[in-house]
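Per chain, numbering begins at 1; letters A, B, ... match sequence-line order.
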Amino acid sequence: MATWLTLRENKEFRTLYYRGRSQVHPALVTYVRKNKLGVPRVGITTGKKLGGAVQRSRCRRVIREAFRPYFSQVGGYDIVFVARTRLLTMKSTQAAEVIGHHLRQLEVI
RNA sequence: CGAGUGAGCUGAGCAGCCGCGUGCGCACGCGCACGAGGAAAGUCCGAGCUCCACAGGGCAGGAUAACGGCUAACGGCCGCCGGGGGUGACCCCAGGGAAAGUGCAACAGAGAUAUACCGCCGCUUUAUGCGGUAAGGGUGGAAAGGCGAGGUAAGAGCUCACCGGCACGCUGGAGACAGCGCGGCCCUGCAAACCCUAUCCGGAGCAACGCCGAUAAAAGCGAUACAUUGGCCCGAUGUGCUUUGACGGGCGGCUUGAGCCAUGCGGCAACGCACGGCCUAGAUAGAUGGUUGCUCACGACAGAACUCGGCUUACAGGCUCACUCAACCG
RNA sequence: GAACCAUUAGCUCAGCUGGCAGAGCAUUUGACUUUUAAUCAAAGGGCCCGGGGUUCGAAUCCCCGAUGGUUCA
C-alpha cells in the first residue's frame with residue numbers, strides 16, 4: 001500500500017485551521033479542506049500539552065493506525081488531526097470510530 | 001526470622017493476523033533479515049570529527065586543588081593518607097596557601113587582633129589617685145596554647161613535667177604521611193571574601209562541513225578599510241563585506257567503533273595485554289503500533305537524531321551475591 | 001544543538017559589599033460620612049522554589065536539582 005502524502009509546512013496547517021471545516025471530540029479535532037491534487041494529504045499535530053515524547057509519539061501512531069482503513073475512501077482532501085488529552089487512554093479502534101464519524105459528518109466519505 | 005550496609009542484574013513473556021523504517025534479493029505480486037534505553041533525559045564535564053593560520057605571543061577570563069596510579073581525555077574511576085560520622089558492616093569531605101598583602105567578624109562584651117570593666121597586689125594624701133598583673137568572674141562561635149606543680153607582693157611559659165601546635169634532624173614508605181628524638185615557648189577564624197601559588201584551557205559547532213542543481217539581481221560601505229577573530233592588543237594571511245530578494249532543494253557527513261562477548265595472563269583495584277568469536281537502529285515532520293488468545297508477580301521512569309567516556313536526575317515490582325548488628329533455638 | 005535569566009506576603013517587586021525580611025496594591029478592624037467611595041489610623045499574613053555544603057551565623061556565597069521564561073543557529 002502506498003503511503004499518503006504528508007503536510008509539512010506551518011503555512012499549510014494555518015490555512016486549514018483558518019479556512020477548513022472542523023469536527024470536535026474530547027479525543028481529537030479534525031480539520032478538512034479540499035485540495036486540487038486528487039489525492040489526500042494528512043497532517044498530525046501533537047502539542048506539548050499531551051506530555052513528553054513518549055505520549056506524543058503514541059498519539060501519532062494511534063491516529064495513523066485509526067485513519068488507515070479510511071485512506072482509500074478519501075479523495076482530494078487535506079486533513080489535519082489535532083490530538084487532545086483524552087486520546088492517551090484510548091485504543092485505536094475507539095479512535096477509528098471517532099474519525100469515521102467525523103469524516104462522515106464532514107461529507108468527505 | 002528481625003534491623004541494616006555494599007555491589008550487581010532485570011525492567012513481562014510466547015504465538016497468529018494487519019501495518020511502519022532500513023538493508024539485501026527480485027519473476028516487480030513479493031520474500032528474508034534487523035529495528036530504541038539504563039537512563040536514549042538534564043546538557044554538568046571530557047574527547048573524537050569538521051571548518052576557521054593545522055592554531056602563534058601577551059593581557060584578561062575560566063576550571064581544577066592532599067598523594068600515587070588508570071585513561072584518548074576528564075571536574076571521572078581505583079588505591080591510599082588526613083579529618084568527620086556510625087556499636088558495626090560501612091559511609092561522607094572543593095582536603096593547597098592565613099608566616100606576601102588587603103578586607104570582614106553584626107549583637108553582646110572593658111577589649112575582636114588588640115584590651116583592662118569587676119577583681120588581685122603594692123604605694124599613697126586612704127573619699128580617691130598612681131603603678132603592676134591577667135590566675136578568677138562575666139560576654140561571645142572565637143579572649144593570647146590546655147592542665148598540674150614550683151615561683152611571686154599579686155601574677156605571668158617566668159621555670160619544669162605531660163599533652164597539643166611549630167621548626168629542625170633521624171628512621172620507614174613510591175609519595176601524601178606516620179613514628180621517634182631534640183629545640184624554643186607560641187601563631188583567632190573566614191580564602192565556597194578579594195587574592196597568591198601550581199596545573200590545564202584558541203574558537204565554533206553535524207542547522208559544523210563538503211559536493212551537485214536552481215537563482216545568478218538591487219542598494220549601501222570601504223583601502224589609515226574590512227574579514228579570518230573570539231573580551232582586548234600584537235602578529236600572520238586574504239581582498240571584499242553588509243542588507244534585501246530568490247529554494248517546500250538533493251546527496252554525502254550517518255554509523256566498524258578509544259565497539260561488544262567469552263577465555264587466559266599481569267595488577268590489591270581502576271585497568272591493561274593476548275587469542276577467538278560477533279555485526280548490533282540510522283530516520284529527515286521523523287520508523288516499534290493495533291488486534292486476538294494464553295500465562296504471571298497485572299507491567300515503573302521513559303523514545304535514538306554526528307559519535308563515544310563519565311557525572312547528575314527519574315524509576316512499580318522482582319532477583320542474586322558478600323558482609324554487619326541484635327536476639328532465639330540446638 | 002548551544003547560551004542566558006528568574007523563582008521572596010494573596011498580586012507586583014525591593015533587599016543579594018553575609019547579621020531583627022521590607023514597600024505598594026489587596027484583606028480585616030476602627031475613625032470620618034445618613035450610606036458608599038476617597039482619606040486617616042492600626043492589625044494580620046513568609047519553612048525567602050527544593051535538597052546538600054562553607055560559616056559562629058545564609059534570602060544573600062558554592063554545588064546539585066525542579067518549574068517557568070528569553071535568545072541564537
Side-chain angles (χ1 to χ4, degrees):
Chain A
M1 187 186 98
T3 54
W4 51 74
L5 293 172
T6 50
L7 291 171
R8 299 178 188 181
E9 282 298 299
N10 193 23
K11 207 193 304 177
E12 296 166 347
F13 279 86
R14 291 166 72 93
T15 48
L16 265 142
Y17 294 147
Y18 196 66
R19 301 194 182 274
R21 289 171 293 144
S22 64
Q23 279 283 304
V24 183
H25 187 267
L28 58 90
V29 184
T30 310
Y31 292 90
V32 163
R33 188 168 184 247
K34 199 172 277 186
N35 65 15
K36 294 169 184 168
L37 299 171
V39 288
R41 296 193 299 175
V42 177
I44 301 171
T45 300
T46 52
K48 229 178 194 176
K49 258 185 200 173
L50 295 168
V54 174
Q55 284 77 27
R56 297 205 301 271
S57 296
R58 176 168 168 79
C59 288
R60 282 199 298 274
R61 287 167 194 150
V62 167
I63 290 172
R64 266 204 302 270
E65 188 63 30
F67 176 70
R68 206 157 51 80
Y70 302 105
F71 166 65
S72 54
Q73 308 172 33
V74 177
Y77 282 92
D78 288 344
I79 305 174
V80 164
F81 298 107
V82 177
R84 305 179 91 177
T85 49
R86 187 73 68 82
L87 193 66
L88 292 168
T89 57
M90 286 177 76
K91 294 202 164 195
S92 71
T93 47
Q94 297 172 270
E97 290 172 20
V98 174
I99 286 178
H101 183 250
H102 279 184
L103 295 179
R104 275 188 288 276
Q105 287 288 313
L106 295 165
E107 300 170 350
V108 176
I109 56 175

Paired with C49(C): which nucleotide, if any, by Watson-Crick or G-U wobble criteria at under 3.5 Å for both distances?
-> G65(C)
Would you say a side-chain N or O of Arg58(A) is under 4.0 Å from OP1 or OP2 of U288(B)?
-> no
Grab the CD-C1' distance between Gln55(A) and A41(B) for me, whole Å please.
-> 13 Å
Tell me whether the OP1 or OP2 atom of U288(B) has a side-chain N or O from Arg61(A) closer than 4.0 Å.
-> yes
Glycosidic class, syn or anti, of U280(B) using a 90° window around 0 | syn
Partner nucleotide of C123(B) by Watson-Crick or wobble geometry (both distances under 3.5 Å) | G129(B)
Among Phe67(A), Tyr70(A), Tyr31(A), the one residue meeting side chain to side chain contact (heavy atoms under 4.5 Å, CB included) with Ile79(A) = Phe67(A)
Integer-rounded Å distance: G290(B) P and Ile63(A) CD1 = 13 Å
Just name whichever nucleotide pairs with G61(B), Watson-Crick or G-U, keeping both distances under 3.5 Å, else none.
-> C201(B)
If we take the P atom in both A174(B) and G272(B), what is their distance in whole Å?
-> 26 Å
Closest to the side chain of Val54(A), out of A302(B), G286(B), C18(B), is A302(B)
Chi-angle category of A36(B) [syn within 90° of 0, anti beyond] | syn
Judged by whether its glycosidic angle lies within 90° of 0, U312(B) is anti
Once you apply the 3.5 Å cut-off to both distances, tell me the Watson-Crick or G-U wobble partner of C17(B), or none.
-> G290(B)
Roughly how far, to the nearest 0.5 Å, is CD1 of Ile63(A) from CD of Glu65(A)?
-> 12.0 Å
Integer angstrom distance from the P of C194(B) to that of C260(B) | 43 Å
Whom does A47(B) pair with, Watson-Crick or G-U wobble, provided both distances fall under 3.5 Å?
-> U307(B)
Exercise: identify the closest heavy-atom pair between Arg84(A) and Val29(A) | CD-CG2, 3.6 Å
Gap between atoms CZ and C1', on Arg56(A) and A304(B) respectively (whole Å) = 15 Å
Distance, C1' atom - from G21(B) to A72(B), rounded to whole angstrom = 35 Å
Whole-Å C1' distance, G1(C) and C306(B) = 11 Å
Between atom OH in Tyr70(A) and atom P in C18(B), what is the gap in whole Å?
-> 20 Å
Please measure how far the P atom in C187(B) lies from the corresponding atom in A167(B), and state the result in whole Å.
-> 15 Å
P-based separation of C67(B) from G97(B) [nearest Å] | 11 Å
Say you pick atom C1' in C44(B) and the same atom in U10(B); how far apart are they, in whole Å?
-> 29 Å
Integer-rounded Å distance: G289(B) C1' and Leu87(A) CG | 13 Å
Using the side-chain contact (heavy atoms from CB on, under 4.5 Å) rule, take Gln23(A) and Val32(A) through it: C-alpha gap first, then chi angles, then the decisive distance, then the call.
-> CA-CA 9 Å; Gln23(A) 279 283 304; Val32(A) 163; over 6 Å; no
Between G46(B) and C34(B), how far is it from one P atom to the other, in whole Å?
-> 41 Å
Glycosidic conformation of G29(B), taking syn as within 90° of 0 and anti otherwise = syn
Between the main-chain N or O of Ile44(A) and the side-chain N or O of Arg60(A), is there a donor-acceptor pair closer than 3.5 Å?
-> no
Could you tell me which nucleotide pairs with U139(B) by Watson-Crick or G-U wobble geometry, both distances under 3.5 Å, or answer none if nothing does?
-> none
Locate the shortest heavy-atom distance separating Ala96(A) from Ala66(A); write the atom from each residue and the value.
-> N-CB, 3.6 Å
Atom CZ of Arg64(A) and atom C1' of U288(B): how far apart are they, to the nearest Å?
-> 11 Å
Map Gln94(A) and Ser57(A) onto RNA chain B by nearest heavy atom, then report which one ends up closer to the 5' terminus.
-> Gln94(A)
Identity of whatever pairs with G220(B) - Watson-Crick or G-U, under 3.5 angstrom = C241(B)
Using the purine O4'-C1'-N9-C4 or pyrimidine O4'-C1'-N1-C2 torsion, is G88(B) syn (within 90° of 0) or anti?
-> anti
If C72(C) has a Watson-Crick or G-U wobble mate with both distances under 3.5 Å, name it; if not, just say none.
-> G1(C)
With a 4.5 Å heavy-atom cut-off, do His102(A) and Leu28(A) have their side chains touching?
-> yes
Given atom CZ of Arg60(A) and atom C1' of G19(B), what is their separation to the nearest angstrom?
-> 17 Å
To the nearest angstrom, how far is Ile44(A) atom CD1 from C20(B) atom P?
-> 14 Å
What nucleotide among G289(B), G303(B), U288(B) has an atom nearest to a side-chain atom of Arg68(A)?
-> G289(B)
Check whether any side-chain heavy atom of Phe81(A) sits under 4.5 Å from a side-chain heavy atom of Ile99(A), and report yes or no.
-> yes
